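As the structure lists them, so they are numbered: ligands from 1, and atoms in each ligand from 1. Below, all heavy atoms of this structure are taken into account, side chains as well, without hydrogens, waters or symmetry copies. No experiment lies behind these values; they were computed from the predicted model shown.
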Amino acid sequence: MSFRTPRPETHGIKAPAVAGSGRNLLSIADLGAEGIEEVLRVTDAFVEVARRPIPKVPALRGRTVVTLFAEESTRTRFSFETAAKRLSADVLSFAVASSSLKKGESLRDTVETVAAMGVDAFVVRHPSAGAPAQVARWVDASVINAGDGWHEHPTQALLDCYTIRQVLAERSGRPVADVGMKNFGGLRVAIVGDVAHSRVARSGVLALAALGAEITLVAPGSLLPPSLEGWPVSAVSHDLDSVLPTVDVCYLLRLQTERGAGSFVPSLREYTAGYGLTVRRAGLLAEGALVMHPGPMNRGVEIADEVADLPRSVVLRQVANGVAVRMAVLFLLLGQVVDGDAAGAVDLGPGFGAGDG
Ligand code: CP
């Protein structure tokens with residue numbers, strides 16, 4: 001996937017479309033290391049926008065973004081809607097419960113109907129893996145995967161990478177723009193918990209590995225996928241205590257009880273005893289190691305209440321960065337990128353240079 005090719009105007013008119021052709025973000029694999037780097041560098045500009053008294057730019061004025069969430073969400077939905085509004089796009093928030101899907105209309109008829117009204121992008125969350133890719137075959141608009149079943153959650157991985165990069169910059173005393181992707185090389189990341197049911201883990205592993213991080217999965221065998229073929233991880237462990245002192249980032253996954261994860265562990269109490277980041281275990285982390293979680297957190301299950309609120313826990317920073325990352329993704333898909341290096345080539349609209357405020 002490349003964001004660099006200026007895309008023609010599209011207004012939701014149905015046309016043959018191939019997912020992953022450069023106009024969609026369906027998987028981290030669409031991006032590769034170069035694409036991830038481009039998103040992170042463009043995000044720098046939108047983090048700067050977020051600090052302004054009026055954090056809004058006209059970059060997507062006249063564009064329409066639909067958020068189509070067929071599964072619950074707090075962070076991702078509000079984050080995309082905030083991002084689109086800060087780019088001055090019109091936002092249509094599709095509520096499944098009050099839509100004609102409830103009368104039996106198919107997903108295909110629904111999205112084609114909405115697309116016919118003139119839509120530039122669909123942000124799709126769906127309980128079925130592959131649903132956003134299917135939507136991308138039906139409409140001419142751009143499609144962004146906002147989480148599909150156990151498959152992927154690419155913008156979560158991008159905001160996680162951005163947050164790590166931001167912390168690396170702060171620790172080195174350098175501006176974030178000076179921290180390149182090579183700084184991820186050799187970064188040791190433990191991804192802990194319900195890997196089997198986690199789209200966050202799939203996208204996170206792909207993104208972090210593409211940037212050169214060394215990833216250890218830590219989980220009971222029952223919460224690992226049946227095969228790890230194609231997972232670019234360095235190691236798998238069932239012993240969290242031994243892994244914690246060795247990592248720079250401890251990334252905790254939510255135990256996905258709504259996907260049946262509860263039946264893969266003897267009890268929540270035993271899961272916490274083996275794999276929860278308790279106060280004692282947090283004490284095993286190296287000084288400076290980060291604690292991350294995509295949210296929503298099960299406090300007292302995969303993460304202790306007190307640990308979730310430690311300074312080393314960057315959960316709310318992940319959320320804050322999510323808006324800027326999603327602004328970058330929407331901008332790169334729907335806006336204009338001046339030829340050449342995306343860093344510094346972001347045209348946010350008249351009178352909105354990086355120094356304005
Ligand atoms: N991290 C995440 O996807 O959270 P939501 O389900 O609240 O969107």
Side-chain angles (χ1 to χ4, degrees), residues 25-28 39 43 65-86 91-97 121-132 135 143-164 166 189 191-208 223 249-262 277 290-299 301-303 307-309 313-330:
L25 177 56
L26 302 174
S27 164
I28 283 293
V39 173
T43 299
V65 175
V66 174
T67 53
L68 198 168
F69 278 55
E71 192 188 88
E72 300 77 9
S73 168
T74 299
R75 279 145 284 270
T76 312
R77 180 178 200 136
F78 279 132
S79 184
F80 267 113
E81 293 182 358
T82 304
K85 287 174 184 172
R86 287 185 178 178
V91 178
L92 300 178
S93 184
F94 184 89
V96 171
F122 283 88
V123 178
V124 180
R125 170 168 290 192
H126 201 279
S128 300
V135 172
V143 177
I144 301 169
N145 181 0
D148 59 332
W150 301 1
H151 177 226
E152 278 215 45
H153 194 348
T155 57
Q156 178 71 48
L158 293 169
L159 73 87
D160 292 335
C161 290
Y162 190 84
T163 302
I164 293 170
Q166 194 179 49
V189 181
I191 297 183
V192 183
D194 186 3
V195 179
H197 302 104
S198 178
R199 55 196 176 209
V200 170
R202 280 171 181 75
S203 290
V205 165
L206 288 176
L208 288 162
L223 290 178
V249 177
C250 175
Y251 195 105
L252 299 163
L253 299 170
R254 184 169 65 87
L255 189 67
Q256 305 213 13
T257 48
E258 80 279 15
R259 300 190 202 284
L277 191 62
L290 295 182
V291 173
M292 301 180 77
H293 192 300
M297 292 184 280
N298 294 310
R299 286 178 183 250
V301 180
E302 68 264 359
I303 185 166
V307 176
D309 299 326
S313 162
V314 291
V315 175
L316 291 179
R317 189 193 277 231
Q318 291 169 260
V319 174
N321 285 332
V323 176
V325 165
R326 287 165 178 136
M327 287 174 81
V329 168
L330 287 167

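Around CZ of F78, the count of heavy atoms belonging to other residues, nucleotides or ligands within 6.0 Å does not exceed 12.
Side-chain polar atoms of R317 and T163 form no donor-acceptor pair below 3.5 angstrom. Side chain to side chain, E81 and S93 meet the donor-acceptor criterion of an N or O pair below 3.5 Å. Side-chain contact, H153 with R202: no donor N or O sits under 3.5 Å from an acceptor N or O. Judged purely by distance below 3.5 Å, without hydrogens or angles, the side chains of Q318 and H293 never pair a donor atom with an acceptor atom.
Of the protein's non-hydrogen atoms, P294 O, 2.9 Å is the one closest to atom 1 (N) of ligand 1. The protein heavy atom nearest to atom 4 (O) of ligand 1 is R75 NE, 3.0 Å.
By the 4.0 Å heavy-atom criterion, G295 is counted among the residues contacting ligand 1. At least one heavy atom of R125 sits closer than 4.0 Å to an atom of ligand 1.
With F80 as the aromatic partner, R326 meets the cation-pi criteria of under 6.0 angstrom to the ring centre and within 45 degrees of the ring axis.
Close approach to T74 involves these atoms of ligand 1, each under 4.0 Å from a residue heavy atom: 5 (P), 7 (O), 8 (O). Which parts of ligand 1 touch T76 is read off a 4.0 Å heavy-atom cut-off, strictly below it: atoms 2 (C), 3 (O), 4 (O), 5 (P), 8 (O). The contact set between ligand 1 and H153, taken as ligand atoms under 4.0 Å from a residue heavy atom, comprises 2 (C), 3 (O).
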